[in-house]
Amino acid sequence: MNRNWVDKEEWCPADGFRLEAEAMDTVVNDKNTLVVAGPGAGKTELLAQRACFLLETNTCRYPKKILAISFKKDAADNLRERVELRCGKELSLRFESKTYDAFAKEIVDRFKNSLDESYRPLNNYKIAETKDIKRAFEIAGLNFGENQTEFNRVGNILSANILPLSTDCIAEIFICTWNILLKGSRNDNFESSLTFEMISRLAEYLIRTNRYIKKAIEMTYSHVFLDEFQDTTSIQYDLVKTCFFQTGTIITAVGDSKQRIMLWAGARKSIFSDFQNDFLSQKRTLMMNHRSAPRLVEIQKAMYNSLNEDIIDLKTNEKWNQEDGEAYLRLFEDYIKEADVLSEEIDSLISTGIKINEICIIVKQMVDVYSQEIIDKLAQHNIKARNEAVYQDLLKEDVIKILVSLFRLASKDGMPDDWDYIYDILCELDGIDESCNPQIIKDFIRKVELMINDTKKKLNITYEEQFSDLVDYTIKYISYEKFASKFQQYKSRDYFDNLVEQFKRLVWIEYDETKDWIKAIDNFEGKNSIPIMTIHKSKGLEYDTIFFVGLEDSAFWNFKNQPDEDRCTFFVALSRAKRRIDFTFSSNRPTQFSSIQKHDCINEFYELFKDTGIVKKIEY
DNA sequence: GGTGCGTTCCTTTTT
DNA sequence: GGAACGCACC
């Protein structure tokens, strides 16, 4: 490799970023590290800068690589893009950013022939859905009927143990079910189907029992990043530990115990201390909150005590004045009045120049119940607001990203980002790279341009069916088979077709309303609407102003059972806001629970507001 | 048709 | 946690 590496002492953060001392030390040091970083501390940026340091100084020695593992696909994509932006395409080829499930599945798919026959899945195994697991249990002789709770309980046991399974640690029925899922059952017309948990267990087993594979992984990755570490499950931790325990690979784990809101979904409670003990890691605490205004940070700090967290002297970004930050608690008699007031507040925010997608409405649960009236009232002010969940899921899909970019290219000239993206992805799908004959590349570009031009000509549309045909034409041009071979998940034609159908339907709604393709695509992407989502979906995001609707007992129905986790959940909502946050309570709300609301159980949040003296209480 | 009992719903990601 | 629903029973 012909390249001048940067001297370690001379390296400085890319793009003029200034890092606080603890962050800078984390970026350049060579020890296993647990980074405790609160909201807005710049976790992604820290990891991106560390990747740049390791690659640019050749500390991650060529041709070794960095492995970054996240939970969600968009988080993994985001980090990869950030690193590419900071240190360029060439170096970032040695930065692999992927999800736990992708990492595990790649190992299983690549090495499954090394598994013992008894644990080797069939070549054409599929990803098991809930009904497949139920069916497998049935074939093994256990029937749940409609009892969901019992199924959840039993289903969790299925992958609770490391392989190989024996009757010493697990009942016979589970071993039998594993076998049915691994091998399918011809008599029962049941295909080989694996859950992601099973795939992780298989990957871990492969690495633990095959020293060549273990060595290969160890040799490939000199450095590993673990994102959102507080949410790591035991299955995921077992995999990481088997790969890198007592090896030369250096791990940087980044997380925040104050944002631990996935315990109910199986996150491992002792993960921070386990990691520190197993990997003899040092611990670093970041002191910056770049996101929130000083007065909002004061409220966040006031929660540290109830979150069992040491008070630290948090620093805010210098772009803020000390008196910046607003917080309101609005108490209503009924939800109609609440919707009136909120829509007027939002209207006046927008008229002061706050961008519409810098405002977010957050609820604890059941987006539609808590937000329908507000959506209707906002519509009367000509402001769009929408349940973001379905769009979040769609927009992270590669086929949707491709369609969005293609239609934007067809509707408007001079969209270089879209062109770069489409060119890269279509090259990949067509197996074209720089090593190809220049004429082939030239022809390829010409062909793509022709297709886009062709689409452009066909955009003059009156009926939904014409749009549907046009989308089909685009998919056909690329070819479904190419999608399916590049993206595993599209091997299920139903899944793929369903995504395309949703794209057609939702984009058409927008076009029908605006008669403008650019606006329709922008609207589809959410550039002109207020997103509404649950706290869990909002994790990792930030907005100028947050409206938290429904600070009520029935939204926190599980508070008595899991007060610590719900405090964290509240903290996550609170810490999404950059400049302003409004909480609302309504005595009257049409939920499936009680229609008369109280806040007795979560009074500590109301006390907290009072104690800080920052939150302005308004009764209507 | 009243009663009592049990169940359901409510926060999630991943190829 | 707590309303709402289905069901068996008298």
Side-chain angles (χ1 to χ4, degrees), chain A residues 69-77 98-110 121 124-130 144-152 156 159 193-200 202-203 227-228 231-233 235-236 239 259-267 362-370 389 392-393 396-399 483-492 495-496 499 533-540 550 552-563 565-570 572-573 589-602:
Chain A
I69 315 184
S70 306
F71 290 82
K72 299 208 268 181
K73 194 171 137 52
D74 56 347
D77 292 345
K98 57 186 78 175
T99 62
Y100 275 103
D101 291 323
F103 177 59
K105 190 164 188 296
E106 280 167 23
I107 291 169
V108 170
D109 290 348
R110 194 161 148 211
N124 55 351
Y125 75 87
K126 59 168 205 166
I127 301 296
E129 294 169 42
T130 312
F144 299 101
E146 292 299 304
N147 190 340
Q148 192 64 36
T149 325
E150 182 62 8
F151 170 72
N152 286 344
N156 283 337
S159 300
S193 321
L194 304 183
T195 65
F196 285 107
E197 286 86 359
M198 291 172 74
I199 291 170
S200 287
L202 288 169
D227 200 8
E228 300 269 27
D231 294 335
T232 308
T233 65
I235 299 177
Q236 292 162 340
L239 176 59
Q259 295 182 66
R260 186 177 291 177
I261 63 176
M262 300 302 285
L263 290 173
W264 62 275
I362 287 183
V363 299
K364 171 72 171 52
Q365 59 183 39
M366 294 192 296
V367 169
D368 296 327
V369 171
Y370 285 83
Q392 272 179 352
D393 288 346
K396 71 170 189 228
E397 291 286 349
D398 294 282
V399 58
F483 276 110
S485 69
K486 166 87 175 90
F487 306 107
Q488 291 271 342
Q489 67 272 38
Y490 300 153
K491 286 217 161 73
S492 157
Y495 181 74
F496 181 84
L499 293 173
M533 63 186 86
T534 62
I535 300 176
H536 284 78
K537 291 249 188 229
S538 78
K539 207 168 86 177
E552 292 147 22
D553 283 346
S554 59
F556 287 81
W557 53 275
N558 213 3
F559 191 81
K560 280 204 177 111
N561 295 326
Q562 44 165 41
E565 195 164 349
D566 275 2
R567 282 184 196 109
C568 291
T569 311
F570 178 78
V572 168
R589 191 179 307 279
T591 70
Q592 69 181 96
F593 314 111
S594 160
S595 60
I596 303 301
Q597 299 302 315
K598 294 179 179 158
H599 54 75
D600 298 350
C601 298
I602 52 167

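Lettering follows sequence order; numbering is per chain, from 1.
- Protein atom NZ of A/K72 is 9 Å distant from nucleotide atom C1' of B/dT12, rounded to whole Å.
- Here A/F487 does not pack flat against the base of B/dT15, since the 5.5 angstrom centre distance and 30 degree tilt limits are not both met.
- Across all strands shown, A/K73 has heavy atoms under 4.0 Å from sugar-phosphate atoms exclusively, and none from any base.
- One interatomic measurement links the two molecules: CZ of A/R589 to P of C/dG2, which rounds to 17 Å at whole-angstrom precision.
- Rounded to a whole Å, the CE atom of A/M198 is 18 Å from the P atom of B/dT15.
- With the nearest nucleotide of DNA chain C identified for both A/C601 and A/T591, A/C601 has the one nearer the 5' end.
- The CD atom of A/Q489 sits 6 Å away from the P atom of B/dT15 (whole-angstrom rounding).
- In this entry the distance linking NZ of A/K598 with C1' of C/dG1 reads 11 Å, nearest Å.
- A distance of 8.5 Å separates OH in A/Y100 from OG in A/S70, rounded to the nearest 0.5 Å.
- When each of A/K539, A/E228, A/M262 is tested with A/F71 by the rule side-chain contact (heavy atoms from CB on, under 4.5 Å), just one qualifies, namely A/E228.
- Taking side-chain N and O atoms only, A/S492 has no distance below 4.0 Å to OP1 or OP2 of B/dT15.
- Side-chain contact of A/E552 with A/Y370: a donor-acceptor pair under 3.5 Å is absent, judged by distance alone.
- For the residue pair A/Q236/A/T233, the side-chain donor-acceptor check at 3.5 Å is satisfied.
- A/F71 comes within 4.0 angstrom of the backbone, heavy atoms only, and of no base.
- What separates NZ of A/K105 from C1' of B/dT15 is a distance of 5 Å, to the nearest Å.
- Figure legend: A/K364 and A/F556 shown as a cation-pi pair, the cationic atom lying under 6.0 angstrom from the six-membered ring centre and within 45 degrees of its axis.
- Of the listed nucleotides (B/dT14, B/dT12, B/dC10), B/dT14 has the atom at the smallest distance from the side chain of A/F196.
- In terms of position on DNA chain B, the residue among A/Y495 and A/D566 whose nearest nucleotide sits closer to the 5' end is A/D566.
- Of all nucleotides listed (B/dT15, B/dT12, B/dT14), B/dT14 comes nearest to the side chain of A/K396.
- Within the nucleic acid shown, A/K539 has no heavy atom closer than 4.0 Å to any nucleic acid atom.
- Contact annotation: A/K560 reaches the phosphate of C/dG1 (side-chain N/O to OP1 or OP2, under 4.0 Å).
- Each of A/A265 and A/Y490 was assigned the nucleotide of DNA chain B with the nearest heavy atom; the assignment lying further toward the 5' end belongs to A/A265.
- Contact check, A/S554 against C/dG1: no side-chain N or O comes under 4.0 Å of OP1 or OP2.
- What separates CG of A/N558 from C1' of B/dC9 is a distance of 12 Å, to the nearest Å.
- Minimum atom distance to the side chain of A/K537 is reached by B/dT13, of the listed B/dT13, B/dT14, B/dT11.
- Ring orientation note: the planes of A/Y490 and A/F483 are nearly perpendicular, at an angle over 60° on the 30°/60° scale.
- Counting to the nearest Å, the P atom of B/dT14 and the CD atom of A/Q236 are 12 Å from each other.
- For A/M366, counting side-chain heavy atoms from C-beta on, the closest listed nucleotide (B/dT15, B/dT11, B/dT13) is B/dT11.
- Taking the side chain of A/M262 as heavy atoms from C-beta on, and the options B/dT12, B/dT15, B/dT11, the nearest nucleotide is B/dT12.
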